[in-house]
Amino acid sequence: MDYKKTNAPVTTATRNMMELCEDTGNVYETVAIIGKRANQITNEMKNDLAKKLQEFASYNDNLEEVFENREQIEISRYYEKLPKPTLIAAQEYVEGKVYYRNPSKETEESKQLK
């Protein structure tokens with residue numbers, strides 16, 4: 001995922017919860033959907049950062065050899081400046097990019113059809 005191309009705000013944004021929950025009809029379900037997507041984004045970002053920082057890992061335990069790596073600092077700063085995963089997830093939800101389903105609702109609907 002390219003986090004730089006997201007339309008999510010970098011700072012906190014106030015949202016109208018009634019507009020957000022129009023699809024589900026339930027505020028709590030909407031928050032749960034956004035929360036689960038935010039966890040997925042967090043894991044993706046964490047894995048990406050770990051892969052990039054792994055290149056700079058030093059396996060020597062000598063304290064004298066510890067030094068600041070400029071590229072490593074720049075990578076860390078890049079990830080710090082990105083929008084938070086919850087903001088990215090909320091923006092994806094608003095844009096309709098999040099797929100979700102509720103298995104309990106699906107079973108209730110199938111029972112009513114029979």
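- Residues Gln91 and Arg15 form a side-chain contact, since some pair of their non-hydrogen atoms from C-beta on lies under 4.5 Å apart.
- By the criterion of side-chain heavy atoms lying less than 4.5 angstrom apart, applied directly or through intervening Ile, Leu, Val, Met, Phe, Trp or Tyr residues, Val94 is grouped together with Val31 in one hydrophobic cluster.
- One distance of note links CD of Glu29 with CG of Asp23; it measures 10.0 Å at 0.5 Å rounding.
- The number of heavy-atom neighbours closer than 6.0 Å to CE of Met17, taken from other residues, nucleotides and ligands shown, is above 12.
- Interatomic distance, Lys46 NZ to Asn39 CG, rounded to the nearest 0.5 Å: 11.0 Å.
- The distance from the OG1 atom of Thr30 to the OH atom of Tyr93 is 4.0 Å, given to the nearest 0.5 Å.
- A salt bridge between Glu74 and Arg77 is present, with a side-chain N of the basic residue lying under 4.0 Å from a carboxylate O of the acidic one.
- Atom CD1 of Ile88 and atom CD1 of Ile34 lie 13.0 Å apart (nearest 0.5 Å).
- In this structure, Lys36 NZ and Ile41 CD1 are separated by 14.5 Å, a value rounded to the nearest 0.5 Å.
- Note that CD of Glu92 and CD1 of Ile33 are 13.0 Å apart. Values are rounded to the nearest 0.5 Å.
- Looking at every heavy atom in both residues, Ala38 comes nearest to Pro85 through O-CB, 3.6 Å.
- For the pair Val27 and Met18, the minimum side-chain heavy-atom distance is below 4.5 Å.
- The minimum heavy-atom distance linking Met45 with Pro83 is given by the pair CE-O, 4.4 Å.
- Closest of all the heavy-atom pairs between Asn26 and Tyr28 is OD1-N, 3.0 Å.
- At least one side-chain heavy atom of Tyr79 sits less than 4.5 Å from a side-chain heavy atom of Lys52.
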